[in-house]
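Everything on this sheet refers to the single structure shown next.
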Amino acid sequence: MKKNRELFIAGNWKMNTSVTEGVKLAEGLKEKYGNIKGVRLAVAVPFTHIIEVGKVIKGTSIELAAQNMNENEKGAFTGEISALMLKDLGVKLVIIGHSERRHIYGESNETIALKVKAVLNAGFECILCIGETREERESGMLEKVLKLQVESALCGLSTDEIKRVIIAYEPVWAIGTGLTASKEDAENAHKFIRKTVSDIFDESVAQKIIIQYGGSVNASNSASLLSAENIDGALVGGASLSVEKFSGIIDSVIA
Ligand code: PEP
């Protein structure tokens, strides 16, 4: 426990693995961490895997997450997935605003705010991803970008709703690139995000909110990053696709 905040490590499988491969990966994680204590663990799997992976991890400490969700209840939205569709499948959390959704699929802060609200209305927890591009960081826009992303997604949420929000700070330039923010840069960003949450809500809400770091996290950098005061866990992409690599990260913080 860090400042009374539980460490939370989530794997984001993105658009990887067949259902068979995903089930095997989940079985490997269940074998090692089915009853893990001291760290919260989740896997965000492709929609097609939710039922089968859900069966594997049901009743274990590993939580099931979706990678995206449409903001509308139902209707003519071909190819989209609603809260109702996820509701019965054991999904506990939904990732919203991943940089790939923002930058490849053009999701705006406004759309992301609607999605956050829909996720919370449905009773799920939300992992809200935020983060700056390299250009934004280099042009001194870091704090402005993070503040706007946090405020647009969280302003107006009730005190009950904000309790079900986890923030993942993922600098866009560090995602899938092998580049990682230094512990100091990551900690500074997390501190700023926590301060922004405090300004919107209050210090007690800010002290409780979990802020994960994401961006090329691996077994060699996880322990150092997660030892920072305001870094409460990790959102892991590439390294969550192998039991061995993901275990290296988990073991580094529970050891
Ligand atoms: C991610 O998908 O959120 C991510 C951080 O990816 P990676 O760990 O591969 O950089």
Side-chain angles (χ1 to χ4, degrees), residues 7-17 21-22 25-26 29 39-47 49-50 53 62-69 91 93-105 107 112 115-116 119 125-134 136-137 142 145-146 149-150 153 165-183 185-187 189-190 193 210-226 228 230-253:
L7 281 178
F8 186 5
I9 298 178
N12 174 17
W13 294 2
K14 309 193 190 192
M15 196 176 74
N16 292 298
T17 74
E21 288 164 345
L25 180 50
L29 292 174
V39 57
R40 206 176 154 191
L41 212 53
V43 284
V45 305
F47 291 130
H49 296 35
I50 287 176
V53 170
I62 307 165
E63 299 170 38
L64 191 58
Q67 299 174 14
N68 182 31
M69 196 188 92
V91 168
L93 306 113
V94 184
I95 296 177
I96 294 296
H98 190 279
S99 78
E100 287 145 21
R101 301 297 320 171
R102 291 178 189 263
H103 296 284
I104 303 175
Y105 299 101
E107 288 188 9
I112 288 160
K115 289 188 172 205
V116 169
V119 164
E125 287 179 77
C126 179
I127 300 181
L128 168 70
C129 298
I130 59 169
E132 82 289 358
T133 62
R134 177 177 291 286
E136 288 164 343
R137 175 173 276 268
L142 173 68
V145 169
L146 295 181
Q149 290 175 336
V150 171
V165 174
I166 291 121
I167 297 176
Y169 168 62
E170 301 203 302
V172 179
W173 48 270
I175 299 178
T177 58
L179 301 171
T180 317
S182 67
K183 179 179 167 185
D185 282 348
E187 168 63 11
H190 281 232
I193 293 163
I210 301 289
I211 309 178
Q212 299 171 321
Y213 169 79
S216 300
V217 174
N218 58 44
S220 321
N221 57 33
S222 47
S224 164
L225 282 162
L226 272 63
N230 285 287
I231 302 182
D232 308 319
L235 182 56
V236 183
S240 71
L241 291 168
S242 123
V243 175
E244 197 190 336
K245 289 186 180 158
F246 201 37
S247 299
I249 295 171
I250 299 163
D251 294 347
S252 78
V253 301

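Note: hydrogens, waters and symmetry copies are ignored here, and every other heavy atom, side chains too, is used. Keep in mind that this is a model prediction, so the values were computed, not measured. We count ligands from 1, going down the list as the structure has it; atoms in each ligand are counted the same way.
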Give a yes or no on whether the backbone of Gly178 and the side-chain of Ser216 come within a donor-acceptor separation of less than 3.5 Å.
yes

Between Gln67 (side chain only) and Lys14 (backbone N and O only), is there a donor and an acceptor less than 3.5 Å apart?
yes

Once you restrict both partners to nitrogen or oxygen, which atoms of ligand 1 have a protein partner under 3.5 Å, and how far apart are they?
from: ligand 1; atom 1: 2 (O); to: Asn12; atom 2: ND2; distance (Å): 3.2
from: ligand 1; atom 1: 2 (O); to: Lys14; atom 2: NZ; distance (Å): 2.9
from: ligand 1; atom 1: 2 (O); to: His98; atom 2: NE2; distance (Å): 3.1
from: ligand 1; atom 1: 3 (O); to: His98; atom 2: NE2; distance (Å): 2.9
from: ligand 1; atom 1: 3 (O); to: Glu170; atom 2: OE1; distance (Å): 3.0
from: ligand 1; atom 1: 3 (O); to: Glu170; atom 2: OE2; distance (Å): 2.6
from: ligand 1; atom 1: 6 (O); to: Lys14; atom 2: NZ; distance (Å): 3.4
from: ligand 1; atom 1: 6 (O); to: Gly237; atom 2: N; distance (Å): 3.4
from: ligand 1; atom 1: 8 (O); to: Gly237; atom 2: N; distance (Å): 2.8
from: ligand 1; atom 1: 9 (O); to: Gly238; atom 2: N; distance (Å): 2.8
from: ligand 1; atom 1: 10 (O); to: Gly176; atom 2: N; distance (Å): 2.6
from: ligand 1; atom 1: 10 (O); to: Ser216; atom 2: N; distance (Å): 2.7

Would you say Lys115 and Asn68 are linked by a side-chain donor-acceptor pair, where the criterion is simply a distance under 3.5 Å?
yes

Determine whether the side chains of Gln149 and Tyr169 contain a donor N or O and an acceptor N or O closer than 3.5 Å.
no

Using 30° and 60° as the class boundaries, would you call the ring planes of Trp13 and His49 parallel, tilted or perpendicular?
perpendicular

Lys245: side-chain hydrogen bond (donor to acceptor under 3.5 Å, both in side chains) partners, not counting sequence neighbours
none

